[in-house]
Amino acid sequence: MSHVGEQAQPDGFRADFHPVAMQWTCLHCGGEAGRAAAERFDWGFLDGIYCISLRHREDRAQDTARELHRIGLCKRAVFYRPSKDRVAKRGCWESHRAVAADARARGLQRVLIVEDDVAFPAATTPATARRVGAALASLPSGWMGFYLGHWALWAYPVRRNVLRCSSLCTHAYVASERLLDWLCESPFDRRAEIARRRIGGKGIDTAFAVLPAMYAYAPLLATQRHVSNDHLKASRIRLWPPRKLFLDLFVRSRIREHAMAHAMGANEKLVTALTSLALPGVWAARRLSRPRADRKRAAILAPGVSDPS
């Protein structure tokens, strides 16, 4: 479903891509007062902003446009509006790839990608944007992705407003040049070759969950609106094995929508606390196992040398 190479439209955007419509009443894109407000609400540390929304869900696109106008992301945001894929996981996966391909074709290196159920808190202010920018600037040079909202599997703080994490959900994240390249090189048809976190199903977020150098803004900024999901269908509940039961109850059901809308912040706090408690034990176990691993590695590299122990 990649749209690289399609004929350009008159305004410079390819088919299925279009900018957010300007609103004259918007404080950020609608006049002289709007321009002054936008200068205070500075998202200039982002090279580009994309929102993925299915073509037939105009209601969700309009709701997300209002969110973008409210917090000053509207001026540079671009909608990607693909048709619905009969295989929902493939459609979502390839939509993120199409956005990444467009960003790379435009020479963008640091891109915010949101989905059309994203929700930002009413308390989002210009100071919030400055904190996000400072947190992003503090990341190590090899970072891949920076979640603005996520469902944490493990997470621990590494610096102010920054968590190192393994997480699910792709409704709001900043992609680095490395992650954009990874997306371009990782089509859905090759998913069997791509490592994934099995607990979350088969979506692209399960692949993100095992990528190195993934971080998150803390406390999380973006949640998901509690809206109807085209991807969920009623299915039987399988009691065994436990992994299938978990997926049917919490990933492939309306319970997931409720949790994403109302429990994401609580999840981040709880998982961060539990991970921080467990880390000393994990690090100690690794230190204890390292000498044995080093001996095994030495034996493999030099099989003719006897183990001195």
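Computed from a prediction, not measured in an experiment: that's the story for all the values here.
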**Report entry** Taking every non-hydrogen atom, the tightest pair across Leu139 and Arg159
**Finding:** CA-NH1, 4.2 Å
Requested in this report: Please tell me if the side chains of Lys75 and Ile49 come closer than 4.5 Å, counting only heavy atoms from C-beta onward.
Outcome: no
Query raised in the report: Do Tyr173 and Phe208 make the cut of ring centroids closer than 6.0 angstrom?
Result: yes
Query raised in the report: Distance-only, no hydrogens or angles: does the Arg104 side chain make a donor-acceptor pair with backbone N or O of Leu108 under 3.5 Å?
Result: yes
Query - Check: Gln109 main-chain N/O paired with Asp47 side-chain donor or acceptor under 3.5 Å - result: yes
Report task. Using a strict 4.0 Å threshold on nitrogen-to-oxygen distance, state whether Asp116 and Arg57 make a salt bridge. Result -> no
Report task. Examine distances only and state if a side-chain atom of Asn161 and a backbone atom of Tyr217 form a donor-acceptor pair shorter than 3.5 Å. Result -> no
**Report entry** Donor-acceptor pair, side chain of Arg106 and main chain of Ala103, under 3.5 angstrom
**Finding:** no
Query raised in the report: Do Met144 and Ile204 share a hydrophobic cluster, counting only Ile, Leu, Val, Met, Phe, Trp and Tyr and linking them when any side-chain heavy atoms are less than 4.5 Å apart?
Result: yes
Requested in this report: Report yes or no: is the cationic atom of Arg164 (NZ for Lys, CZ for Arg) closer than 6.0 Å to the six-membered ring centre of Tyr156, at no more than 45° off its axis?
Outcome: no
Requested in this report: Taking all non-hydrogen atoms of both residues into account, name the closest pair between Ser167 and Ala209 and its distance.
Outcome: O-CB, 3.3 Å
Query raised in the report: Does a side-chain heavy-atom distance below 4.5 Å link Ile52 with Val114?
Result: no
Query raised in the report: Going through the checks in order, is the side chain to side chain contact (heavy atoms under 4.5 Å, CB included) test met by Tyr50 and Asp102?
Result: CA-CA 10 Å; Tyr50 288 87; Asp102 187 79; 2.5 Å; yes
Report task. Give a yes or no on whether the ring-centroid distance for Tyr80 and Phe17 is below 6.0 angstrom. Result -> yes
Report task. To the nearest 0.5 Å, tell me how far Cys74 SG sits from Gln23 CD. Result -> 8.0 Å
Query raised in the report: Under a 4.5 Å cut-off applied to non-hydrogen side-chain atoms, are Val132 and Phe45 in contact?
Result: yes
Report task. Any chance you could measure Leu46, atom CG, to Leu112, atom CG, to the nearest 0.5 Å? Result -> 5.5 Å
Report task. Verify side chain to side chain contact (heavy atoms under 4.5 Å, CB included) between Asp85 and Glu94, making sure each step is shown before the conclusion. Result -> CA-CA 10 Å; Asp85 195 302; Glu94 291 298 324; 5.9 Å; no
Report summary line: OG (Ser141) and CZ (Arg178) are apart, to the nearest 0.5 Å, by 8.5 Å
Query raised in the report: Looking at Asp16 and Arg81, does any basic side-chain N land under 4.0 Å from a carboxylate oxygen?
Result: no
Report task. Report yes if some heavy atom in the side chain of His150 is under 4.5 Å from a heavy atom in the side chain of Leu168; otherwise report no. Result -> no
Query raised in the report: Are Leu179 and Ile113 in one and the same hydrophobic cluster, where Ile, Leu, Val, Met, Phe, Trp and Tyr link if side-chain heavy atoms are under 4.5 Å apart?
Result: yes
Requested in this report: Ignoring hydrogens and angles, tell me if any N or O in the side chain of Gln224 forms a donor-acceptor pair with the backbone of Ala119 under 3.5 Å.
Outcome: no
Requested in this report: Might you point out which heavy atoms bring Pro121 and Arg70 nearest each other, and give the distance in Å?
Outcome: O-NH1, 3.2 Å
Query raised in the report: For the atom pair OG (Ser176) and OH (Tyr215), what is the distance rounded to the nearest 0.5 Å?
Result: 11.0 Å
Report task. Report yes if some heavy atom in the side chain of His28 is under 4.5 Å from a heavy atom in the side chain of His69; otherwise report no. Result -> no
Requested in this report: Run the numbers on Val78 and His18 for side chain to side chain contact (heavy atoms under 4.5 Å, CB included), then give the verdict.
Outcome: CA-CA 6 Å; Val78 174; His18 67 80; over 6 Å; no
Query raised in the report: Do Leu221 and Leu68 sit in the same hydrophobic cluster, where Ile, Leu, Val, Met, Phe, Trp and Tyr count as joined when their side-chain heavy atoms come under 4.5 Å apart?
Result: yes
Query raised in the report: Would you call Arg60 and Asp63 a salt bridge, taking side-chain N to carboxylate O under 4.0 Å as the test?
Result: no
Query raised in the report: How close do Met22 and Cys29 get, heavy atom to heavy atom, and via which atoms?
Result: SD-O, 3.0 Å
Requested in this report: Can you see which heavy atom on Ala195 is nearest to which on Val210, and at what distance?
Outcome: O-CG2, 3.3 Å
Query raised in the report: Do Trp182 and Tyr147 share a hydrophobic cluster, counting only Ile, Leu, Val, Met, Phe, Trp and Tyr and linking them when any side-chain heavy atoms are less than 4.5 Å apart?
Result: yes
Query raised in the report: Are Ser166 and Arg197 close enough that a side-chain donor and a side-chain acceptor fall under 3.5 Å?
Result: yes
Report task. Kindly indicate whether the side chain of Val162, heavy atoms from C-beta on, has any atom under 4.5 Å from the side chain of Trp143. Result -> no
Query raised in the report: Do Glu185 and Arg190 meet the salt-bridge criterion of a basic N to acidic O distance under 4.0 Å?
Result: no
Query raised in the report: For Cys184, does its backbone N or O pair with a side-chain atom of Arg97 as donor and acceptor, under 3.5 Å?
Result: yes
Query - Side-chain heavy-atom pair Val118, Thr64 within 4.5 angstrom cut-off - result: yes
Report task. Keeping the roles fixed (side chain from Thr206, backbone from Gly203), state whether a donor-acceptor pair exists under 3.5 Å. Result -> yes
Query - Backbone N/O of Ala135 and side chain of Ser138: donor-acceptor pair under 3.5 Å - result: yes
Requested in this report: Could you go through the side chain to side chain contact (heavy atoms under 4.5 Å, CB included) check for Lys202 and Arg191 one step at a time?
Outcome: CA-CA 9 Å; Lys202 299 180 180 180; Arg191 65 193 182 282; 5.7 Å; no
**Report entry** Close side-chain approach of Leu180 and Val111, heavy atoms under 4.5 Å
**Finding:** yes
Report task. Provide the closest heavy-atom pair for Gly72 versus Trp43 in the form atom of the first, atom of the second, distance. Result -> O-CD1, 3.6 Å
Report task. Could you tell me which residues satisfy salt bridge (Lys or Arg N to Asp or Glu O under 4.0 Å) with Glu115, sequence neighbours excluded, listed by chain and number? Result -> none
Query raised in the report: Measuring from Phe120:CZ to Ile71:CD1, what's the distance to the nearest 0.5 Å?
Result: 4.0 Å
Query raised in the report: Judged by atom type as modelled, is there a donor-acceptor pair below 3.5 Å linking the side chain of Asn267 to the main-chain atoms of Trp151?
Result: no
Query - CZ on Arg130 to CZ on Phe41, rounded to 0.5 Å - result: 9.5 Å
Query raised in the report: With the 4.5 Å side-chain cut-off for hydrophobic clustering, are Leu136 and Leu148 part of the same group?
Result: yes
